[in-house]
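Working notes, beginning with the structure itself.
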Amino acid sequence: MDKAAIDRAKEHFGKLLEDQMKRMERVKAMPDWIDYSKIKPIKIGIIAGDGIGPFIAKESRRVLEFLLKDEVKNGKVVIHDIEGLTIENRAACNKAIPNDVLAEIKKFHVSLKGPTTTPRKGDPWPNIESCNVALRKELDLFANVRPVRVPKQGIDWIFFRENTEDLYALGPYGIEVDADIAIDFRLISAPGSDRICRLGFEHAKKNGRTKVTCITKANVIKTTDGRFLENFYRIAKEYPGIQVDDWYIDIMTAKLIDEKRRRDFQVMVLPNLYGDILTDEAAEFQGGVGTAGSANIGKQYAMFEAIHGSAPRMVKEGRAQYADPCSMIRAEAMLLSHIGFVEKGKNLEMALDICGQYEKKMTITGRSDGATGAAFTDYIMEWLKNPKLKETWEVYLKA
Ligand code: IPM
Ligand code: MG
């Protein structure tokens, strides 16, 4: 037995625990939620990302500027680009987020982010941490909120995925113990579970939802999932009017495709990795990950992003102009609601629903047989200007 390898691993583990205990202190000392109604100007940063990112970011920015025309004019909102979060720059700095870029991001209250490449072992890039994951940790964006709606099928789900813990917290800090054994660490904390569960219940309460479901694998992953579930039921007691249940992640992936059961789910709360997987599956009902938006919310900052990757192959094959901007534009709708422009956010969602699921005057295929991202964005903006927007959307709901 390689005693030295064990000692090295123990020391490494001890260091990780020290860092995480310090993080717990920071989480517990976090100031309360920022109040956007009192802030002027609200600073919105646009992070283009890489791959197809700059292409879809350009379209998203057009929509944002159109919807916030008056607010920009009267100084309530400013919109700026944040440069430098590209795989080339991150690789050159050998950092998930270069220091100057992080400092810049922190100058904005909220950001809208295009996809960024996440290298993995064997890629031509250094194996740096995903910058999504790093940003979520740096800005303490503990909630990843992902709605999926297919009104025609009665699907109206919203996922509250914990966003800073689980296998992601220590994802880059596993141990290659020796030639045979590799270990990663999974971390779930009580404050971390409490705040995501509470946000799920608060959402249910404020939006007239009657049920919240927790998803774990607590029968097998007893310590960490056990703690998440225990905290879920403890927080549930504060919301006596709301029904609760819990499911294991494996059967949950099946129940989402069970036509008889899937309408029963409303608000779902779950740890990070299960949330990553289940929300991709869920988005498929709505037309795929290209159509889903995602909000990364913390008490001080928030970041809104497309839930898909940077599709470098589309760029290499010269097809980037055919990339679908809808996921990023849907994220933008969430951004608008989050900073207080609920009506504008709703209108944008309606326009997206009409263009993508109802009228479908054009479709995006990612290739030259479909619409370009720019043409589709024009189509969305036409609907935003159309006085029959709401009326038409209501017809679609009943269709
Ligand atoms: C997502 C993505 C990211 C994640 C990747 C890009 C690191 O899949 O936002 O769901 O796993 O969280
Ligand atoms: Mg994912």
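Keep in mind that what you see is a predicted model, and the values were worked out from it rather than measured. Computed from heavy atoms alone, side chains included, the values below leave out hydrogens, waters and symmetry copies. As the structure lists them, so they are numbered: ligands from 1, and atoms in each ligand from 1.
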- Residue pairs passing the side-chain hydrogen bond (donor to acceptor under 3.5 Å, both in side chains) test with at least one member in residues 314-327, sequence neighbours excluded, are Glu317-Arg319

- Message: Counting only heavy atoms closer than 4.0 Å, does ligand 1 sit against the backbone of Arg146, its side chain, both, or neither?
- Response: side chain

- Query: What do we get for Arg136 next to ligand 1 when only non-hydrogen atoms under 4.0 Å count, side chain, backbone, both or neither?
  - Reply: side chain

Compute whether any side-chain donor of one residue and acceptor of the other, for [X] and [Y], lie under 3.5 angstrom apart.
X	Y	value
Asp140	Gln300	no
Asp245	Thr213	yes
Ser294	Asn144	yes

- Specify whether Tyr396 and Tyr358 have parallel, tilted or perpendicular ring planes, treating 30° as the upper limit for parallel and 60° as the lower limit for perpendicular. tilted

- Message: Check the orientation of Phe160 and His203. Use parallel for under 30°, tilted for 30 to 60°, and perpendicular for over 60°.
- Response: tilted

- Task: List the closest protein heavy-atom neighbour of atom 10 (O) of ligand 1: residue, atom name, distance to the nearest 0.1 Å.
- Result: Asp276 OD1, 2.8 Å

- Ring centers of Tyr274, Tyr248 separated by less than 6.0 Å: no

- Note on the structure: Counting from 1 in the order shown, the ligand 1 atoms closer than 4.0 Å to a non-hydrogen atom of Ser130 are 7 (C)

- Task: Give the atoms of ligand 1, by number and element, whose distance to some non-hydrogen atom of Thr118 is under 4.0 Å.
- Result: 6 (C)

- Task: Decide side chain to side chain donor-acceptor pair (under 3.5 Å) for Tyr239 and Glu202; before the verdict, give the C-alpha distance in whole Å, the side-chain angles of both, and the deciding distance to 0.1 Å.
- Result: CA-CA 9 Å; Tyr239 299 86; Glu202 279 298 315; 2.6 Å; yes

- Using a cut-off of 2.8 Å, find all protein N, O or S atoms closer to the Mg ion (ligand 2) than that distance. Asp276 OD1

- Query: Polar-atom distance check: Tyr168 versus ligand 1, any N or O pair below 3.5 Å?
  - Reply: yes

- Item | Whether Arg161 lies under 4.0 Å from ligand 1, heavy atom | yes

- Message: Apply ring-ring contact (aromatic ring centres under 6.0 Å, His included) to residues Phe265 and Phe159 and explain how you reach the verdict.
- Response: CA-CA 10 Å; Phe265 301 111; Phe159 296 86; 9.2 Å; no

